[in-house]
Amino acid sequence: MTQTQSTKEQIDTGFHRQGTILAIETSCDETAVAIVRDGQEVLANVVSSQIDVHRRFGGVVPEIASRKHVETITVMIEQALDQAGLTLRDLDAIAVTQGPGLVGALLVGIMAAKSLALALNIPLIGTHHIAGHIYANQLVAKLEYPCLALVVSGGHTELVLLEREGQFRIIGRTRDDAVGEAYDKVARAVGFPYPGGPHMDRLALEAAEVVTLPRAWLEPDSYDFSFSGVKSAVLNVVNQAKMKGEPPMPAAIARGFQESVIDVLITKAMRAIKEYGAKQLLLCGGVAANRGLRAALTERCALEQVPLVIPPFEYCTDNAAMIGAAGFLKWKHQQFVGLDFTAEPTFSLEQWSIMSS
Ligand code: KG4
Ligand code: ZN
């Protein structure tokens with residue numbers, strides 16, 4: 001009997017829409033497991049970060065990431081069950097990040113998820129990482145459609161329109177660096193270790209001076225982004241200071257960089273809100289932890305009376321609670337995957353949208 005058949009039988013014999021879902025996220029350098037009920041109630045949320053291991057290499061080393069996930073995943077599943085006070089028998093489904101991400105890293109989570117689903121004979125849900133970041137907002141607020149998500153992470157920078165629940169349309173994306181990636185590269189140029197985003201955020205808030213840096217607006221009607229220009233401008237400032245034997249002024253650079261990035265992100269998001277009549281703006285992804293961005297967006301949305309949702313810090317950076325929240329969409333629509341599904345390193349968000357049933 002295939003997984004899909006067994007799932008169907010379960011549904012026919014007493015499917016209930018509330019689901020206690022164990023979610024696994026291993027797409028990059030965090031081994032994360034959560035248990036989420038009904039797409040909203042977080043019963044457990046544990047994250048083991050590998051940042052200390054990768055820091056000395058200046059970024060994530062895929063092979064090391066996979067090995068660390070293998071070492072940690074079982075312990076994290078046990079910890080999540082302990083935290084929730086549940087046993088494996090209490091679970092209704094397993095959700096796992098299918099992509100995008102590092103293929104070896106994704107496969108570790110997927111293997112663990114398949115083993116659990118097979119052993120427990122419960123449905124398996126393949127989840128999109130960015131859908132997870134977006135639906136992290138559902139852990140703290142009721143989403144009103146249409147809404148617009150501003151996704152700012154280490155690998156993605158996108159404006160995503162959700163006309164209905166689980167329907168994703170990307171209206172703008174970065175043409176080069178993701179915003180988190182640009183933060184990390186600029187931080188490295190001014191002497192901070194990976195991941196540099198939090199260091200830049202702190203410095204920017206402390207800075208008394210500012211180095212004014214360019215903004216890439218692209219074509220007037222475009223919702224796309226480009227951060228490679230501002231990144232190169234920072235590298236120029238740093239190199240010129242070095243050549244002149246002057247101190248590099250990291251705080252003033254951090255503030256200038258942060259102001260440039262925030263200006264472009266907020267201006268484009270607010271224009272899209274108006275054009276598409278979105279009822280809410282959802283901020284998400286690792287860079288949503290940025291205090292400067294959170295404060296500026298909060299102020300602008302208050303001024304323009306746009307309801308804004310921002311998840312708490314622990315749901316901004318990679319975590320599995322967000323995978324449980326997004327996985328619940330598929331649970332509600334009974335759209336499960338079979339045991340033959342595999343990792344999708346370049347998974348399309350739009351294709352992951354809920355098929356109307
Ligand atoms: O979403 P995430 O945890 O992983 C990906 O899916 O990429 O995002 C990680 C990114 C890193 O580039 C990190 O530097 C950035 O989020 N980040 C920040 C802050 N906290 C994390 N960037 C700016 N300010 C922060 N406070
Ligand atoms: Zn992420």
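The structure presented is a predicted model; accordingly, all values stated were derived computationally and were not measured.
Considering CD of Gln334 and CD1 of Ile125, their distance stands at 11.0 Å, rounded to 0.5 Å. Atom CD of Gln167 sits about 10.5 Å away from atom CE of Met355, to the nearest 0.5 Å. Rounding to the nearest 0.5 Å gives a distance of 7.5 Å between CG of Leu283 and CG of Asn137. Atom-to-atom distance recorded for Ile273:CD1 and Arg300:CZ is 11.0 Å, nearest 0.5 angstrom. Atom CD1 in Ile354 sits 5.0 Å away from atom CG in Leu329 (nearest 0.5 Å). Between Phe336 atom CZ and Ile94 atom CD1 the span is 11.5 Å, to the nearest 0.5 Å.
Between the side chains of Asn45 and Glu314, no donor-acceptor pair of N or O atoms lies under 3.5 Å. His69 and Thr26 are not linked by any side-chain donor-acceptor pair at a separation below 3.5 angstrom, with hydrogens and angles left out of the test. A side-chain donor-acceptor contact under 3.5 Å links Asp176 and Ser226.
With respect to the salt-bridge test (charged N to carboxylate O, under 4.0 angstrom), the residues Glu219 and Arg175 qualify. Taking the charged nitrogens against the carboxylate oxygens, Glu181 and Lys185 do have a contact shorter than 4.0 Å, which makes a salt bridge. No salt bridge links Arg173 with Asp224; every basic N to acidic carboxylate O contact stays at or beyond 4.0 Å.
The backbone N or O of Leu150 sits nowhere less than 3.5 Å from a side-chain atom of Glu158 that would complete a donor-acceptor pair. Asp177 places no side-chain N or O within donor-acceptor distance of the main-chain N or O of Ser228, the cut-off being under 3.5 Å. Side chain of Asn319 to backbone of Thr317: a donor-acceptor contact under 3.5 angstrom is found. Judged by distance alone, with hydrogens and angles left aside, the side-chain atoms of Thr20 form no donor-acceptor pair with the main-chain N or O of Leu91 at under 3.5 Å. In terms of modelled atom types and a separation under 3.5 Å, the side chain of Ser66 and the main chain of Pro62 share a donor-acceptor contact. Checked by atom type and distance alone, the side chain of Lys330 pairs as donor or acceptor with a backbone atom of Trp352 at under 3.5 Å. His128 places a side-chain N or O within 3.5 Å of a backbone atom of Leu349 that can act as its donor or acceptor partner. Not one N or O on the side chain of Thr267 forms a donor-acceptor pair closer than 3.5 Å with the backbone of Val264. A distance-only check finds a donor-acceptor pair linking the side chain of Ser353 to the backbone of Phe168 [under 3.5 Å]. Not one N or O on the side chain of Arg37 forms a donor-acceptor pair closer than 3.5 Å with the backbone of Ile35.
Applying the salt bridge (Lys or Arg N to Asp or Glu O under 4.0 Å) rule to pairs touching residues 275-290 yields nothing, sequence neighbours excluded.
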(message) Set out, in order, the CA-CA distance, both residues' side-chain angles and the distance that settles side chain to side chain contact (heavy atoms under 4.5 Å, CB included) for Tyr145 and Gln280, then state yes or no.
(response) CA-CA 8 Å; Tyr145 301 90; Gln280 278 174 333; over 6 Å; no
(message) For a side chain to side chain contact (heavy atoms under 4.5 Å, CB included) check, start with the C-alpha distance between Val309 and Val140, then their side-chain angles and the critical distance, and finish with the verdict.
(response) CA-CA 8 Å; Val309 188; Val140 292; 3.8 Å; yes
(message) Using side chain to side chain contact (heavy atoms under 4.5 Å, CB included), reason through Val70 and Met111 one step at a time and then give a plain yes or no.
(response) CA-CA 10 Å; Val70 170; Met111 286 307 160; over 6 Å; no
(request) Would you sort out whether Glu71 and Arg67 count as a salt bridge (charged side-chain N to carboxylate O under 4.0 Å, His left out), showing the intermediate values? (result) CA-CA 6 Å; Glu71 283 170 20; Arg67 284 165 191 248; over 6 Å; no
(request) May I have the step-by-step check of side chain to side chain contact (heavy atoms under 4.5 Å, CB included) for Phe341 and Gln98, ending in yes or no? (result) CA-CA 9 Å; Phe341 93 104; Gln98 190 173 357; 3.3 Å; yes
(message) Run Glu163 and Arg169 through salt bridge (charged side-chain N to carboxylate O under 4.0 Å, His left out) and show every step you take.
(response) CA-CA 8 Å; Glu163 269 149 358; Arg169 193 169 128 214; 3.1 Å; yes
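Two residues are said to be in side-chain contact when any heavy atoms from C-beta on lie closer than 4.5 Å; Leu107 and Thr342 meet this criterion. Between Arg202 and Arg291, the closest side-chain pair of non-hydrogen atoms falls below 4.5 Å. Side-chain contact check for Val186 versus Phe192: every heavy-atom pair is 4.5 Å or farther apart. Using a 4.5 Å heavy-atom cutoff, the side chains of Pro345 and Pro100 are not in contact. Counting only heavy atoms from C-beta outward, the side chains of Leu282 and Cys284 never approach each other to under 4.5 Å. Between Asp318 and Glu25 the shortest side-chain heavy-atom distance falls below 4.5 Å. Using a 4.5 Å heavy-atom cutoff, the side chains of Gln138 and Glu165 are in contact. A 4.5 Å side-chain heavy-atom check between Leu143 and Tyr135 finds at least one atom pair inside the cut-off.
Judged by a 6.0 Å distance limit and a 45° cone about the ring axis, Lys268 is not positioned over the six-membered ring of Trp217. Within the cation-pi definition used here (under 6.0 Å to the ring centroid, within 45° of the axis), Arg294 qualifies as a partner of Phe313.
Nearest heavy atom pair, residue Leu88 against residue Leu81, reads CD2-CD1, 3.6 Å. Scanning all heavy atoms of the two residues, the minimum distance from Leu293 to Val287 falls at CD2-O, 3.9 Å. Of all the heavy atoms in Ala178 and Gly155, the pair that sits closest is CB-C, 3.4 Å. Contact between Gly327 and Ala95 at its shortest, heavy atoms only, is CA-CB, 4.4 Å. Closest non-hydrogen pair, Asn290 versus Gly292, comes out as OD1-N, 3.0 Å. Here the closest non-hydrogen pair linking Ile323 and Ile24 is CG2-O, 3.9 Å.
Aromatic ring pairs are classed by plane angle as parallel below 30°, tilted from 30° to 60° and perpendicular above 60°; the pair Phe225 and Phe227 is parallel.
Note: the hydrophobic cluster containing Ile110 does not contain Met322 (ILVMFWY, side chain heavy atoms under 4.5 Å, direct or indirect links). By the rule that hydrophobic residues join a cluster once side-chain heavy atoms approach within less than 4.5 Å of another member, Ile266 and Leu205 end up as members of separate clusters. Residues Val108 and Leu22 share a hydrophobic cluster, clusters being chains of Ile/Leu/Val/Met/Phe/Trp/Tyr side chains in contact below 4.5 Å. A single hydrophobic cluster is not seen to contain both Val151 and Leu308; linkage of ILVMFWY side chains at heavy-atom distances under 4.5 Å, directly or through other members, places them apart. Hydrophobic clustering, with ILVMFWY side chains joined whenever heavy atoms are under 4.5 angstrom apart, keeps Leu159 apart from Ile130.
Glu209 pairs by the salt bridge (Lys or Arg N to Asp or Glu O under 4.0 Å) definition with nothing, not counting sequence neighbours.
Cluster note: Tyr315 groups with Val36, Val42, Leu139 through ILVMFWY side-chain heavy atoms spaced under 4.5 Å, whether in direct contact or through intervening members. When hydrophobic residues (I, L, V, M, F, W, Y) are linked wherever their side-chain heavy atoms come within less than 4.5 Å, the members clustered with Phe57 are Val53, Val61, Ile64. Here Val60 is tied into one hydrophobic group with Leu102, Tyr194, each link being a pair of ILVMFWY side chains closer than 4.5 Å. In this structure, Val75 stands alone, with no Ile, Leu, Val, Met, Phe, Trp or Tyr side-chain heavy atom under 4.5 Å from its own, directly or through other members.
Atom CD of Gln351 has 12 or fewer neighbouring heavy atoms from other residues, nucleotides or ligands inside a 6.0 Å radius.
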